[in-house]
K.L.:
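This is the structure, below, for whatever I ask next.
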Amino acid sequence: MKKILIFISVLFVLAACSKLEDLNVNTKAFTSATGPSVFNGTVRAFFNQMATFNVNQNNTELFVQHFTETTYLDESRYDMVTRPVPQNHNNIMYRNVLMNLKEAKRLFTVRTAIQDGISQGQRDNQLAIVEIMSIFAWSNVIETFGDMPYSEALDILNVSPKYDDAFTVYKDLIVRLDAALASMDAAEGGMGATFDNIYNDDVAMWIKFGNSLKLRMGLMLADKDATLSQTTVNSAITAGVFTSGEKFSLEYLGASPNQNPVYTELVVSGRSDFVVANTLADACNATNDPRRVGFMWTQVGGIYKGGVVGKSSGYTTYSHVDNSQLTSEREVVLMDYVEVEFLLAEAAARGGYTGAGVAATHYANAVTESITNWGGTSAEAATYLAQPTVDYATLIATQPWKQVIGTQAWIAYYMRGFSAWTSWRRLDYPRLIAAVDHVQDVNGIPQRYSYPISEQTLNHDSWAAAVALMTVGGDNAMTPLFWDTVHYNTLTGADV
């Protein structure tokens, strides 16, 4: 009898333990992730990082002088150490974006198309879409830092990956993009509408985006390798890039955590940290730019008034974003027809690009589309373009094409900090002048993010080897990147 009681007691304990362990199981959670779900979440992380105003993560809108700060001025003065912006951007891009895209690819390859009940053509498209997103993310990393871990990156067993030459990486990304595009079939499905919040499973649009990205990457190399640039751009144009109304964008939802990140930071936060920079406000005022209303700017005394970059600027004293016009659902645009037309205008102005067309036509198309996108009319766009201070034919008679196209692109890329920063660094226009009170170790407007401080301690040897190859400037925010062969002094505005 005693043995029976002991046996029953043991069974009771085991049963109790089993029930306690069950309490740790979330019965409503997914038992395993799927390729489309991982991809979908990663896309949101990427868009959030590219669009955020959070001064701990992305200061590009301050660098290009679309905005300046009101009270806390460090970031407007290019301090990237007090708030470790390079490290945070690095972590988000590698850990939250690129690593998750790698995982999405793995999930798509561990199961066959037959097992998932889809065609091999759809599986090929899924893998190609992941690859295109990866290439876009990688291009941002290289365009932001320069030489970075690439060939040995994304390996959790390798804690000290080597840094790869940025130009070599960029060329490899173009090769990868070509291969991804060649593998796609517009007649087949993609991620499925539920998991494709960009194109609603329209594979043909993913192909167009891939070619538009290829166009941009090709022109990034125009001053570095003209032959490769022309080959890349010509093939993108031939294959087909964005046309009017087409874009690479993400629409957000009304509820947290899927709200527009700018809405979260400017409205939900209740903070008053940013005003429009006088550089942008003055440029728009000088040409009576019809986009000012669409840009959501408030008026001060009946005019649009910008704060001086790097100086304390009262929130109510200067124009700022009218929070009543900024919604949680507002879309974030990372690339569109406007950018494609500016790029085609540049290709035509440079010469040597087959099918580039006429620079003045592309320029007018870009400006018109930008104005209508921000709520203006075609008539307003025509009036704006007819001004001698905007008209391409008038300006090109006395100004270099980089100034004509670069200035309008800078205005059009409002709310797209990385696009504006990269365009400005490539074309050197408009001639933005650094904040007078800039931090001393960043002697001008940053040309790159310096390497994350954590790399000096956790990956020191690889970091040191990369810095040793930076013959001009070293690991400094003012060191120009591989494609930036022509630049100017951002303290004086003079050519270098």
Side-chain angles (χ1 to χ4, degrees), residues 33-51 92-94 96-141 154 172-217 232 235-236 239-243 246-252 258 331-337 339-340:
T34 65
S37 63
V38 172
F39 172 82
N40 193 24
T42 306
V43 165
R44 184 175 70 92
F46 179 64
F47 270 83
N48 284 355
Q49 176 58 16
M50 296 293 283
I92 290 171
M93 294 304 290
Y94 275 97
N96 298 0
V97 178
L98 289 166
M99 185 63 84
N100 281 340
L101 287 171
K102 178 184 178 182
E103 175 63 8
K105 180 180 179 180
R106 186 191 70 81
L107 291 169
F108 280 126
T109 55
V110 295
R111 291 176 58 86
T112 66
I114 294 175
Q115 286 176 314
D116 283 341
I118 63 175
S119 67
Q120 186 58 47
Q122 182 171 356
R123 173 66 86 235
D124 292 341
N125 283 343
Q126 291 173 336
L127 289 167
I129 289 169
V130 171
E131 180 75 340
I132 290 171
M133 277 299 305
S134 299
I135 291 163
F136 194 9
W138 272 120
S139 69
N140 172 265
V141 169
L154 310 183
D172 186 62
L173 292 175
I174 292 173
V175 172
R176 287 173 56 180
L177 185 54
D178 279 336
L181 290 168
S183 71
M184 300 180 79
D185 184 348
E188 297 280 357
M191 293 294 168
T194 304
F195 296 101
D196 183 356
N197 291 313
I198 298 176
Y199 291 128
N200 196 34
D201 208 34
D202 187 341
V203 174
M205 282 306 306
W206 276 104
I207 294 172
K208 269 198 171 183
F209 166 62
N211 283 310
S212 300
L213 175 61
K214 185 178 175 181
L215 170 70
R216 186 183 70 80
M217 293 179 70
T232 304
S235 64
V241 294
F242 284 154
T243 56
E246 295 175 342
K247 54 194 171 184
F248 184 76
S249 66
L250 181 67
E251 292 185 3
Y252 285 76
N258 296 311
E331 72 174 350
V332 166
V333 178
L334 296 187
M335 192 174 190
D336 60 1
Y337 171 69
E339 183 170 356
V340 164

K.L.:
Verify, without hydrogens or angle tests, whether Asn211 (side chain) and Val241 (backbone) share a donor-acceptor contact under 3.5 angstrom.
P.N.:
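It does not hold such a pair.
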
K.L.:
Does Glu331 have any side-chain contact (heavy atoms from CB on, under 4.5 Å) partners at least two apart in sequence or in another chain, and if so, which?
P.N.:
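Partners of Glu331 under the side-chain contact (heavy atoms from CB on, under 4.5 Å) test: Lys247, Ser249, Glu251, Val333.
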
K.L.:
Once rounded to the nearest 0.5 Å, what's the spacing between atom CE of Met205 and atom CG of Asp196?
P.N.:
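These two atoms lie 10.5 Å from each other.
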
K.L.:
Thr42 and Glu103: side chain to side chain contact (heavy atoms under 4.5 Å, CB included), yes or no, with the steps?
P.N.:
CA-CA 10 Å; Thr42 306; Glu103 175 63 8; over 6 Å; no

K.L.:
At what distance, to the nearest 0.5 angstrom, does OG1 of Thr232 lie from CG of Asp178?
P.N.:
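Thr232 atom OG1 to Asp178 atom CG measures 7.0 Å (nearest 0.5 Å).
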
K.L.:
Mark yes or no for whether Asp124, through its side chain, and Leu127, through its backbone, hold a donor-acceptor pair below 3.5 Å.
P.N.:
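No.
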
K.L.:
Once ring-ring contact (aromatic ring centres under 6.0 Å, His included) is applied, do any residues pair with Phe136, and if so which ones, sequence neighbours excluded?
P.N.:
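Result, ring-ring contact (aromatic ring centres under 6.0 Å, His included) vs Phe136: Phe46, Phe209, Phe248.
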
K.L.:
Working to the nearest 0.5 Å, report the span between CG of Asp336 and CZ of Phe242.
P.N.:
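If we round to the nearest 0.5 Å, Asp336:CG and Phe242:CZ are 7.5 Å apart.
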
K.L.:
How would you list, by chain and number, every residue that makes a ring-ring contact (aromatic ring centres under 6.0 Å, His included) with Tyr94, sequence neighbours excluded?
P.N.:
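Trp138.
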
K.L.:
I'd like to check Val141 versus Leu98 (side-chain heavy atoms, cut-off strictly below 4.5 Å). Are they in contact?
P.N.:
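Result yes, sub-4.5 Å side-chain heavy-atom pair found.
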
K.L.:
Quick check for you: to the nearest 0.5 Å, what is the distance between Met133 atom CE and Ile198 atom CD1?
P.N.:
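It comes to 5.5 Å.
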
K.L.:
If you compare all heavy atoms of Gly35 against all heavy atoms of Ala104, which two are closest, and at what distance to 0.1 Å?
P.N.:
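Smallest heavy-atom distance, with atoms named: O-CB, 4.0 Å.
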
K.L.:
Using every non-hydrogen atom in the two residues, find where Ala33 and Val38 come nearest and quote the distance to one decimal.
P.N.:
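For Ala33 and Val38, the tightest heavy-atom pair comes out as CB-CG2, 3.7 Å.
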
K.L.:
For Ser183 and Ala128, work out which heavy atoms get closest and say how close.
P.N.:
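Smallest interatomic distance, heavy atoms only, reads OG-CB, 3.6 Å.
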
K.L.:
Going by heavy atoms in the side chains, are Asn40 and Asn197 under 4.5 Å from each other?
P.N.:
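In contact.
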
K.L.:
Would a 4.5 Å heavy-atom cut-off, applied to side chains only, mark Arg176 and Ser134 as touching?
P.N.:
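Yes, close enough: below the 4.5 Å cut-off.
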
K.L.:
Would Gln120 and Arg123 count as having a side-chain donor-acceptor pair, cut-off 3.5 Å?
P.N.:
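Side-chain D/A pair, Gln120 to Arg123: absent.
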
K.L.:
Could I get the full list of side-chain hydrogen bond (donor to acceptor under 3.5 Å, both in side chains) partners for Thr109, not counting sequence neighbours?
P.N.:
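Per chain and number, Thr109 pairs via side-chain hydrogen bond (donor to acceptor under 3.5 Å, both in side chains) with no residue.
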
K.L.:
Does any non-hydrogen side-chain atom of Ser212 lie less than 4.5 Å from one of Glu246?
P.N.:
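The answer is no, as the side chains (C-beta and beyond) never meet within the 4.5 Å cut-off.
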
K.L.:
Could you please spell out the steps behind the side chain to side chain contact (heavy atoms under 4.5 Å, CB included) verdict for Met50 and Val332?
P.N.:
CA-CA 9 Å; Met50 296 293 283; Val332 166; 6.0 Å; no

K.L.:
Look at the side chain of Asp116 and the backbone N and O of Ile118, then say whether any donor-acceptor pair between them is shorter than 3.5 Å.
P.N.:
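Between the backbone of Ile118 and the side chain of Asp116 there is no qualifying donor-acceptor contact (under 3.5 Å).
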
K.L.:
Which heavy-atom pair separates Asn96 from Ala45 by the least distance, and what is that distance?
P.N.:
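Closest pair (atom of Asn96, atom of Ala45, distance): O-CB, 4.3 Å.
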
K.L.:
Please lay out, stage by stage, how Leu181 and Ile132 fare under the test side chain to side chain contact (heavy atoms under 4.5 Å, CB included).
P.N.:
CA-CA 8 Å; Leu181 290 168; Ile132 290 171; 4.2 Å; yes

K.L.:
With a 4.5 Å cut-off on side-chain heavy atoms, are Leu173 and Met217 touching?
P.N.:
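Of all side-chain heavy-atom pairs linking Leu173 with Met217, at least one is under 4.5 Å.
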
K.L.:
So do Tyr199 and Ile207 actually touch side chain to side chain, heavy atoms under 4.5 Å?
P.N.:
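With C-beta onward as the side chain, the pair stays apart.
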
K.L.:
Could you list the residues that satisfy side-chain hydrogen bond (donor to acceptor under 3.5 Å, both in side chains) with Asn258, not counting sequence neighbours?
P.N.:
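By the side-chain hydrogen bond (donor to acceptor under 3.5 Å, both in side chains) rule, Asn258 matches Arg44.
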
K.L.:
Is the closest side-chain heavy-atom distance between Thr243 and Lys208 below 4.5 Å?
P.N.:
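Yes, at least one pair of side-chain atoms sits under 4.5 Å.
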
K.L.:
Take Val203 and Glu188, measure what side chain to side chain contact (heavy atoms under 4.5 Å, CB included) needs, and give me the verdict at the end.
P.N.:
CA-CA 7 Å; Val203 174; Glu188 297 280 357; 5.9 Å; no

K.L.:
What's the spacing between Gln126 CD and Met184 CE if we round to 0.5 Å?
P.N.:
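Reported to 0.5 Å precision, the distance equals 10.5 Å.
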
K.L.:
In Å and rounded to the nearest 0.5 Å, what is the NZ to CD1 distance from Lys214 to Ile135?
P.N.:
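So the NZ of Lys214 and the CD1 of Ile135 are separated by 10.5 Å.
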
K.L.:
What I want to check is whether the side chains of Trp206 and Asn125 have a donor and an acceptor closer together than 3.5 Å.
P.N.:
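Judged by distance alone, the side chains do not pair up.
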
K.L.:
Return the set of residues passing ring-ring contact (aromatic ring centres under 6.0 Å, His included) with Phe108 (not counting sequence neighbours), or none when no residue passes.
P.N.:
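Partners of Phe108 by the ring-ring contact (aromatic ring centres under 6.0 Å, His included) criterion come out as none, since no residue qualifies.
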
K.L.:
Tell me, yes or no, whether the heavy-atom count around Lys102 atom NZ, taken from other residues, nucleotides or ligands under 6.0 Å, exceeds 12.
P.N.:
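Buried by this count: over 12 neighbours within 6.0 Å.
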
